[in-house]
Amino acid sequence: MLNKGITDLINSQINKEFYSSFLYLDMSNYYYDKNLNGFGNWFAIQTQEEYAHAMLFVKYLQNNGEKVVMSTIAAPENTYKDFKDPLAVSLEHEIYISASINDIYAVAYELKDFKTMQFLDWFVKEQGEEEQKSDDLNKRYDLFGVDARGLYLLDAELSTRNYSAPSLVI
Ligand code: OFO
């Protein structure tokens, strides 16, 4: 069993993770539509990762005998003004998700819910890596993406990214 406040926050986090998956699929679609298939691939893998995160939170509630409550996933805005825009939006989004996980952590800390804190430790680290990865992509785009040749090479590099399942097993 978990505290009701923690259960509610995790249910809300499940929705945020599914929204993240949805948002990144939208970005992937945007790039495929522009024939930037490497960027499309990079975001398609982000989509898979976010889906896997949502399912880890689902499993955590199930393992603790708590009810999983599904709620409506909002539609992404889908108004990208240029090739850089999804990269900037995704960095902002990762920062928002990190703050959301930190908020759950803070409540678990208050409640001395060490089990949830231990579960969230993986996500705290993962978010640090996600922010760094996204920031790095933004910076590389600024350096190389502004001329056609650089954009072509960066797109080719991003097409080599493969999916690997989360290292957390619960
Ligand atoms: Fe769910 O990993 Fe980032 O957002």
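Just so you know, ligand 1 is whichever comes first in the structure, and atom 1 is the first atom listed for that ligand.
- Remark: D121 does not engage K125 in a salt bridge, criterion side-chain N to carboxylate O under 4.0 Å.
- Near ligand 1, E17, E50, H53, E94, I97, Q127, E130 each place a heavy atom less than 4.0 angstrom from the ligand.
- Within the structure, side chain to side chain donor-acceptor pair (under 3.5 Å) pairs that include any residue of residues 157-170 comprise Q46-R161, E49-R161, W122-S167, R140-E157 (at least two apart or interchain).
- Looking only at distances, no side-chain donor or acceptor of D136 sits under 3.5 Å from a matching main-chain atom of Q132.
- Nearest heavy atom pair, residue E17 against residue H53, reads OE1-CB, 3.3 Å.
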Worked verdict on S21 versus E50 for side chain to side chain donor-acceptor pair (under 3.5 Å): CA-CA 5 Å; S21 182; E50 298 302 346; over 6 Å; no
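- Between F57 and F123, the gap from one ring centroid to the other is short of 6.0 Å.
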